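Just so you know, these numbers come straight off a predicted model, no measurement behind them. Residue numbers start at 1 and run along the sequence shown. For ligands, and for the atoms within them, numbers begin at 1 and follow the listed sequence.
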Amino acid sequence: MVFDQFFRGKRSPALTESLRCGLASVADYERRVCETVDGTVVDYCRGGAASERTVAQNRAAFDRLIIRPRCLQRIGGSRSLAVTSFGVSYRMPIGIAPVALQCLAHPEGEKAMARAARTHGVPFVLSVLSSVSIEELAEAVPRAPKWFQLYIFKDRELTECLVRRAEKARFRALVVSVDTPAPGLSRSERRNPLTLPAKVTCANFVPSGNGANGNGKASQSCSASVLDYVRSQLDPSLGWDAIQWLMSITTLPVIVKGILNRADALIAADIGVHGLIVSNSGGRQLDYAPAAIEVLPEIVHAVGNRLEVMLDSGVSQGTDAFKALAIGARMVFVGRAAVYGLAVNGQRGVEEVLDILKTELESTMLNAGCGTLADVTPQHVCHEMQLYYPSAVDRMRSSWRGDSFRSDRYRTRDRRSNAETVDTDTIQDAEQDDVEHAGMRKIAENASERGVTFQQRCIDTALSVPRGIYRSNTNNLSKCNGNVASACPSDAKIAEHYQLPYVHTLKSSVSMEELDGSIFKPTTVRWLEVFPFVDECMLRSLVRQAEHCGFSAFVLSFLEPSNHVMSIFNEQPHVRFSDLHRTQGEDIYRSKNMLPPARDAKSVTWFIHQFRCFTEAPVIACVSTTQKDLIFQALYAGVDIICVVIDEYTPFPIF
Ligand SMILES: Cc1cc2nc3c(=O)[nH]c(=O)nc-3n(C[C@H](O)[C@H](O)[C@H](O)COP(=O)(O)O)c2cc1C
C-alpha cells in the first residue's frame, strides 16, 4: 500500500477494486475460489497428481530461495518490465499458461482470459483442450498476443489440422507439451469425478456450424466422450523425431513445454527448437517430479543462449517471477493464479491477478536494486542455506591454509572439471618445475602401485570455499595384505605437499595418534571421516581422540551404503582398525550391534544432532548428488558444509 501511494501515484482501477474486496494477493483469490466455487471445479483447478508432493515442492522450492538486494543502484526513470520473445515485445515477462476447459471456471472462459492478456500486453497460451475453439477465440479477441498449446497426437493428421488452424487464426507460436504421455492421476478427481456440464466441451474437437473446425474422425469420437477421446490420442511412443516433424510442418516458433532435465534441454537445443518451458505442469503430471525452479539453473546452464528458456509451475507471487528471471528464465507463466482470477471475477479477475503480480514484481525489482529486467541477475538470488551457515565458511577458512601460492595453483587446475580422479601423471604435470618434484613423484607412484586413488571432491563454490578435499581411499585394504601402515603416511605427505586437507578415514589401520606423532607436520590440515554409527559413546570418544590429535573438522560420510561400511569392518579379520580398536575393542566394533542407522530422515537428523553436541568443530556432510533428499536433511539438521560428490553424469547446479 505504502509503496503504491508513494511510488505509483495512481493505482490502476483493477488494483483498486481488488484491494477494496480484500483481495490483495493470489492466495486471497485462491481462498475466494474455495469459498465460492463448486467443489469439483475447485479440485480440478487446484489439484495435482497423486500425493501432490510436486505441487507442494513447487511452493517450497521458491520459498527456499532468498533475494539478495543491492543498494544505491542509481535506478533512473527508465524503469521497465518489457521483454521481447520470438521477436514480439510484451509489456511484462509474465504470461498465461495453457489451461484446459476454462469455461468450467467462468462462462466467458478463454475469451475472458485472452482479453485480460491483451489488456496487460502479455502472451496468452490457448490449450488445445480449450472450451472455446481456436477460431472463436481469434474472432472474439483478434488483437490478443496468442500462442497455441498442443500435443502431438497419435493421429498426425489431426495434429497437423490443429496446427493449420492455429496458423490461420494468427497464433504466434506453438507450445508442444511433452510431459503428458498419459494423463496425470488425480486422486481428488477419482474421489469426486468431474462431469462436464453440457455447454462445456473441448471445442476444438467439435465441428462448428460452418464446418470450419472440420475433422470428422475427431468430432465423432469426441461427441461420445471428449476426454476419453483426447486421452486415447496421447501417444507415449513419441520420440524427439516427433518434434522435428512438428517443426517441419510449420513456420511458427516451436516451444517445448514440460522439460525438467538438462539432457532433454540439450537435445531440444540441438534439434533447433526455438524455446523451452521448464515445467512440471504445476505438479499435475508426475508426482515427485522436481520443482521447476529447482531444475531451472541446470537447464539455463546447459543451453545458455541457444534458445529461450521460460518457466511455469508454482509462480504465484511477484517474488517468484523475480527469482525465476534472476536465475535465467526469459519469461514465466501462471496457470492456477490466472484461473483463480477468472473464477472470481472473469476478465476483471484475471486483470486484477496480473496487476497484483506486476505490482509485486515491480516492487521486488525496485527494492532489490533493479530498474530493468536486464539488471536482474543470478547474484540477486541465493539458496537459503547460503545465508544460514556463513559462520561455518569462516571457520572452514581458518582451518585451511588456502591462501598459499602453490595451493592456488593447484586449485586453478581443479576448476577444469567438477569431479575427476587425479592420476599420478596429472600430479607430475602440475609440478614439472618444482624442486620437490622427484621425491613427490616417487611417493605418488608408490601410492599408485598400491592401488590408492586420489579423488577430487568439490564444496559448493557459491560459498567461495576453496575446493579440493584430498582423501586417501583405503577401501582396497585387502590388496595390502594387512600391511596398510605404509599407505597413510605417504598420502598424508602428498596432502601436505599440495597443501590440501588430509581426510583420515576410520577404515585405516593407522591410528590418529600414530599419524599425529610421526607422520603429520604441525601444519598438516587434518579432518576425520566418520561413519554414521549408532553407538554414542564410541562416537564421542572418537571425537575427543581426534581433537586431541589436532583434527579440525569432521566429515560425516553418507556416501556408502551402511551395509558396505560395516562389511569393511566385519569382513576384514586380518586388518586392525586402530582407531576403532583403541576406542571400543575389536569384538564390539565388529558386532552387529553397531550397524549404522538406516538413512531415513529421522536417523540422519538424529545422527547429525548428536554429533553437533560432541564438537564445536565444523561438520561436513559428504553426500552424493543422487542423494538429493539427504542433502537437504543434512542441511536442515545443521551441518556446516555439504560436500556434494559429483560424478561425471551429474549436472552440478542441483541446488
Ligand atoms: C486446471 C489446469 C488445466 C491445465 N491444462 C493444461 C493443458 O491443457 N495443457 C497443458 O499443457 N498444460 C495444462 N496445465 C498446466 C499449465 O499449463 C501450467 O503448466 C501449470 O498450471 C503451471 O503451474 P501453476 O498452476 O502452479 O502456475 C493445466 C493446469 C491447470 C491448473
Over-ring placement of Lys146 relative to Phe124, 6.0 Å and 45° cut-offs: no

4.5 Å side-chain heavy-atom contact, Tyr151 and Val128: yes

Side chain to side chain contact (heavy atoms under 4.5 Å, CB included) partners of Asp270, counting only residues at least two apart: Arg306

Sub-4.0 Å heavy-atom environment of ligand 1, residues by chain: Tyr44, Cys45, Ala97, Pro98, Val99, Ala100, Ser127, Gln149, Tyr151, Ser177, Lys257, Ser279, Ser281, Gly282, Arg284, Asp312, Ser313, Gly314, Val334, Gly335, Arg336

Review item, side-chain donor-acceptor pairs of residues 36-45, under 3.5 Å, at least two apart:
from, atom 1, to, atom 2, distance (Å)
Thr36, OG1, Arg32, O, 2.7
Asp38, OD2, Thr40, N, 3.4
Asp38, OD2, Thr40, OG1, 2.5
Tyr44, OH, Ala100, O, 2.8

Heavy-atom check, side chain of Thr119 versus side chain of Gln347, under 4.5 Å: yes

Any residue meeting salt bridge (Lys or Arg N to Asp or Glu O under 4.0 Å) with Arg91, in chain and number order, not counting sequence neighbours: none

